[in-house]
Protein chains: 2
Amino acid sequence: MVNIGDVARAAGVARSTASYALSGKRSVSDEVRRRVAEVAAELGYTPNAGARALATSRAMVIGLLAQFLPDEFAPAMLQYIQGVANTARDLGYDILLSSDPDGPAALKRLTDSRMVDGVVLLNVAEDDERLPVLRAAPQPGALVGLPGDCTGVDVFDLDFEEAGRAMVEHLTALGHRELLLVSQPEHVIERGGAYVWRLQNAAVETAARRGAALHAVHAPSSQPAIGRDLHALLDAHPGATGLLLNNEAAAAALPTVLHERRLTAPADLSVVGRYSDEFARTFSLPFSSIESAPDRLGRMAVRQLVRRIEKELDDEAPHVVRFVAPELVDRGSTAPPRTR
Amino acid sequence: MVNIGDVARAAGVARSTASYALSGKRSVSDEVRRRVAEVAAELGYTPNAGARALATSRAMVIGLLAQFLPDEFAPAMLQYIQGVANTARDLGYDILLSSDPDGPAALKRLTDSRMVDGVVLLNVAEDDERLPVLRAAPQPGALVGLPGDCTGVDVFDLDFEEAGRAMVEHLTALGHRELLLVSQPEHVIERGGAYVWRLQNAAVETAARRGAALHAVHAPSSQPAIGRDLHALLDAHPGATGLLLNNEAAAAALPTVLHERRLTAPADLSVVGRYSDEFARTFSLPFSSIESAPDRLGRMAVRQLVRRIEKELDDEAPHVVRFVAPELVDRGSTAPPRTR
DNA sequence: ACCGATCGTCGAACCGGTTCGAGAACTCAA
DNA sequence: TTGAGTTCTCGAACCGGTTCGACGATCGGT
């Protein structure tokens, strides 16, 4: 393999000069710069990443910690991964993907070994075990998801409170008076998925303020249990005319359930979900939904992370907690209620 | 950050001795080994990955090249990624994920810079542009997907020919005489997705041998176009009683289409897909399908790759091309035909 | 003609590991 | 008591980059 010494020799200069010629960090005569560049291209020189990382203490790699939990809906997670990966690439960084179920251990290894210059945590829990490890690490970190304690990290998340409010207001404004809310499985909440509560509490409160009844249930995120649960829910509340979904798997399963009950939206039931447009297109979900903007959140997280890595921010620049405002994408699945 | 020199000093030995004590590559007195281990734990020593990679020319990282193409169904790809990531972790390797649309360039950079010890290519095309780059690289590579030329790489794929045969034989054995096959969009084929042809040709041939008519069409992999196409297909062939799907997006959209037409499987139409069980559960698809085994393929690829990296295989041990035998998972969506 | 500043280049040191060859200390047999 | 063979440890070199300080040449000013 050709190294910078080979390039220097072939160009008839010292190693250091070749380095400066390629990096431009010191002035070099045009003549030499040209010759070095030429020789480097000719020999197919590519710097050794390990050596460069060692010398500069910059790996140009961002760690991405994603956990694929059996009770989470994996396709939704993929969109965040894509957002992060694409943005990182645009900014010149590679992505080291860890799917280790033992998040704290994986994070510690990645940061201590200096394989990564910074870390993005997905699916952050209220009391995330990875956070103490991250705070102790010398590298900066950015989160997608809101933890209880945000000190020392940059945080990005959808504004789930506002999302809950918007969903309910949309339906009550149309005249609905009995609503159903399908959340993530209780298991997700126990593990600290605070966003479930954030949306639900805001929805409950808004419904109360608008004088509507709201029944909230937790549904599993796997099949076929979720189909049964949706049926049971609709059976239990025959008077409900509006359905809110904060559970991607439930949204994916709903078309079949509606079919089995011979119901259509919005004629029989108004439906509003909370998932990304990309998700809706992939699964041809015909329901209006609050955009969860995974690509945007991924991009924001990486952008901020890179700013910290590259010290554009003062070492102790205040950390940010930034919420993306929810937007309702209208796919025509809501209308004024009709008695069933 | 604590390095091996700090450990050595605290333990009162030379750097080299500390290294040997930790790696066990030379005999070291019990006394010293114990003391070094103790001190290392106490100081929280973790070896610097860049330095180690430089010294050993082993990064303990595997490159994973996945392309998220707009006309491919991303959730299906995720399953391969998970299979690869989990197996790599079990074997002590980290995963560098590249989603760069310019595959050849990304691959060249990863291998030339020695960031990775080996590479897994997903979604390999008949005439994949990444292959010449991979063959020129000093690191070994494993593919998921069958290219035209397999020299110099290890290849793993589902046996799509056998899958096509099995699907058709299953339905003809039940008495079906007019079948429909929905493949991936033509765009995928043009790009070299040979698996589409492999399954289709085998299906056509088998149908002919069994005396059945088979109409093959290509459907888009995005919404809402695919729903329209499925409707058009069923309109055009009112006598068809069996539907084969080699297109995940079509499978995901089918429940809604059947609902809209007031059809049910298998009463009105027998359906057989080609996707993983995980996929079926995630989207609650009630159709029998040929298992595409992405986790298994991912695992096989990584296993073989690691064997090559660690030279358990002779440098020129013959490369393998291994097909996974298709298995039909019965979900009760097929039955003898009934005239529509 | 001389002096100081600027420019371009070089050699050496460094990042943090691993590995090789050599030497000290000790064992055991002749 | 000597010599051969082990066992353990050490110093030095190396992997392939980057960066610092120094030095000679060139330039402009007086």
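Scope of the values below: all heavy atoms of this structure, side chains included, with no hydrogens, waters or symmetry mates. Each chain gets a letter, A, B and so on, in the order the sequences are listed, and its residues count up from 1.
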For this session: Determine, step by step, whether Glu310(A) and Leu91(A) satisfy the side chain to side chain contact (heavy atoms under 4.5 Å, CB included) criterion, reporting the C-alpha distance in whole Å, the side-chain angles of both residues, the deciding distance to 0.1 Å, and the verdict.
Result: CA-CA 11 Å; Glu310(A) 300 183 349; Leu91(A) 298 178; over 6 Å; no
For this session: Name the nucleic acid region contacted by Thr56(A), choosing base, sugar-phosphate or nothing; use a 4.0 angstrom heavy-atom cut-off, strictly under.
Result: sugar-phosphate
For this session: Using five pairs at either end of the helix from dA1(C)-dT30(D) to dA30(C)-dT1(D), determine the angle between the two local helix axes and round it to 10 degrees.
Result: 50°
Exercise. Does Asp154(A) come within less than 4.0 Å of Arg307(A), counting only side-chain N to carboxylate O?
Worked result: no
For this session: Using a cut-off of 6.0 Å, state whether more than 12 heavy atoms not belonging to Arg303(B) lie near its atom CZ.
Result: no
Exercise. Going through the distances and angles, do Asp100(A) and Arg109(A) end up as a salt bridge (charged side-chain N to carboxylate O under 4.0 Å, His left out)?
Worked result: CA-CA 11 Å; Asp100(A) 198 323; Arg109(A) 198 174 52 77; 5.8 Å; no
Problem set entry | Closest non-hydrogen atom pair, Met77(B) against Ala66(B) | SD-CB, 4.3 Å
Exercise. Atom CZ of Arg26(B) to atom C1' of dT7(D): distance rounded to whole Å?
Worked result: 11 Å
Seminar exercise, completed: Under a 4.0 Å heavy-atom criterion, DNA chain C is touched by chain B from dG16(C) to dA22(C)
For this session: Given side chain to side chain contact (heavy atoms under 4.5 Å, CB included), test Asn86(B) with Phe68(A) step by step and report yes or no.
Result: CA-CA 10 Å; Asn86(B) 291 336; Phe68(A) 297 106; 5.6 Å; no
Seminar exercise, completed: Separation of dC8(D) atom P from Lys25(B) atom NZ, nearest Å, is 19 Å
For this session: Have a look at Ser29(B) and say if it touches a base, only the backbone sugar-phosphate, or nothing, with a 4.0 Å heavy-atom cut-off.
Result: sugar-phosphate
Exercise. Ser27(B) side chain N/O closer than 4.0 Å to the phosphate oxygens (OP1, OP2) of dC8(D)?
Worked result: yes
Exercise. Does CZ in Arg296(B) sit with more than 12 non-hydrogen atoms of other residues, nucleotides or ligands closer than 6.0 Å?
Worked result: no
Donor-acceptor pairs under 3.5 Å, side chain of residues 3-15 of chain A to any protein atom, not counting sequence neighbours: which ones?
unit_1  : atom_1 : unit_2  : atom_2 : d
Asn3(A) : OD1    : Gly5(A) : N      : 2.9
Asn3(A) : OD1    : Asp6(A) : N      : 3.0
Asp6(A) : OD2    : Asn3(A) : N      : 3.0

Exercise. Starting at the 5' end of DNA chain D and moving along, which residue's nearest nucleotide shows up first, Tyr20(B) or Thr46(A)?
Worked result: Tyr20(B)
